[in-house]
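Data first, discussion second: the structure below is written as structure tokens.
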Amino acid sequence: MKVDITQLLVVFDKILTPPTDEEQGVYWFESTRADGLIITLVFSVYECYASVLVGNNSDLAIASVRMNQCSEIRVLNEKKKNLEIIHDRQSGRCFLQLTGDSILSYDE
């Protein structure tokens with residue numbers, strides 16, 4: 001999966017270590033919004049999956065989405081903190097907006 005880790009470090013508040021394991025290609029990024037919601041992006045470069053978790057503390061996830069066969073995660077706008085997750089061999093695209101009203105949307 002194609003990912004620019006440097007760009008993600010600009011968009012998210014922090015990278016979680018552990019559970020991030022660079023040798024295994026598994027990364028956990030986290031950002032806390034002004035309203036207290038915590039957005040976590042988890043992905044595996046080698047296994048080509050991505051998950052987005054939305055929660056209000058470390059013990060409770062309000063929502064989570066896991067996508068398989070992802071080919072790329074790209075930052076669309078660093079200032080607005082917009083990302084796109086693209087599937088390999090599928091038409092689906094996932095948009096993640098860390099600062100807006102609609103945090104996560106999925107289009108086919």
Side-chain angles (χ1 to χ4, degrees):
M1 177 169 38
K2 183 178 172 185
V3 180
D4 186 337
I5 301 297
T6 306
Q7 274 192 316
L8 290 179
L9 288 169
V10 172
V11 172
F12 285 89
D13 297 338
K14 60 185 171 183
I15 187 169
L16 300 177
T17 56
T20 291
D21 185 342
E22 292 186 52
E23 279 188 26
Q24 297 295 318
V26 177
Y27 294 87
W28 288 65
F29 287 88
E30 185 177 274
S31 186
T32 303
R33 293 170 29 127
D35 60 7
L37 287 177
I38 301 165
I39 313 299
T40 307
L41 173 66
V42 180
F43 62 90
S44 171
V45 173
Y46 303 121
E47 294 180 27
C48 300
Y49 71 78
S51 296
V52 176
L53 297 90
V54 180
N56 58 3
N57 64 42
S58 60
D59 297 331
L60 176 67
I62 295 171
S64 67
V65 174
R66 179 181 166 110
M67 294 153 280
N68 295 312
Q69 298 179 340
C70 299
S71 58
E72 183 176 1
I73 298 174
R74 64 181 171 185
V75 175
L76 300 176
N77 187 317
E78 287 181 4
K79 287 186 178 184
K80 292 184 179 181
K81 298 185 176 193
N82 293 347
L83 302 153
E84 177 181 32
I85 302 169
I86 301 168
H87 288 282
D88 193 29
R89 292 170 266 160
Q90 295 177 358
S91 59
R93 293 167 50 186
C94 178
F95 296 96
L96 179 61
Q97 185 173 323
L98 302 181
T99 59
D101 293 336
S102 178
I103 297 169
L104 186 67
S105 64
Y106 184 84
D107 296 318
E108 287 190 341

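Keep in mind that this is a model prediction, so the values were computed, not measured. For this chain, numbers begin at 1 and follow the sequence in order.
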- So, do Phe12 and Lys81 sit near enough that their side-chain heavy atoms are less than 4.5 Å apart? no
- Using 30° and 60° as the class limits, which term best fits the ring planes of Tyr106 and His87: parallel, tilted or perpendicular? perpendicular
- Task: Look only at the side chain of Thr20 and the backbone of Trp28, and say whether a donor-acceptor pair between them is shorter than 3.5 Å.
- Result: yes
- Query: From Cys48 SG over to Phe43 CZ, what is the distance, rounded to the nearest 0.5 angstrom?
  - Reply: 11.0 Å
- Item | Nearest-0.5 Å distance that lies between atom CG in Asp35 and atom CD1 in Ile103 | 6.5 Å
- Is the shortest heavy-atom distance from the side chain of Phe29 to the side chain of Ile39 under 4.5 Å? no
- So among Leu41, Asp13, Ile15, Ile38, which one has a side-chain contact (heavy atoms from CB on, under 4.5 Å) with Glu30? Ile38
- Item | Any side-chain heavy-atom pair of Val10 and Val75 under 4.5 Å | no
- Message: Taking the side chain as everything from C-beta on, heavy atoms only, tell me whether Gln7 gets closer than 4.5 Å to Glu78.
- Response: yes
- Message: I'd like to check Leu98 versus Leu96 (side-chain heavy atoms, cut-off strictly below 4.5 Å). Are they in contact?
- Response: yes
- Item | Among Val65, Val52, Leu104, Val3, side-chain contact (heavy atoms from CB on, under 4.5 Å) partner for Ile85 | Val52
- Item | CG-OH distance between Leu16 and Tyr27, expressed to the nearest 0.5 angstrom | 13.5 Å
- For Phe95 and Asn82, what are the C-alpha separation, side-chain angles and deciding distance, and is it a side chain to side chain contact (heavy atoms under 4.5 Å, CB included)? CA-CA 7 Å; Phe95 296 96; Asn82 293 347; over 6 Å; no
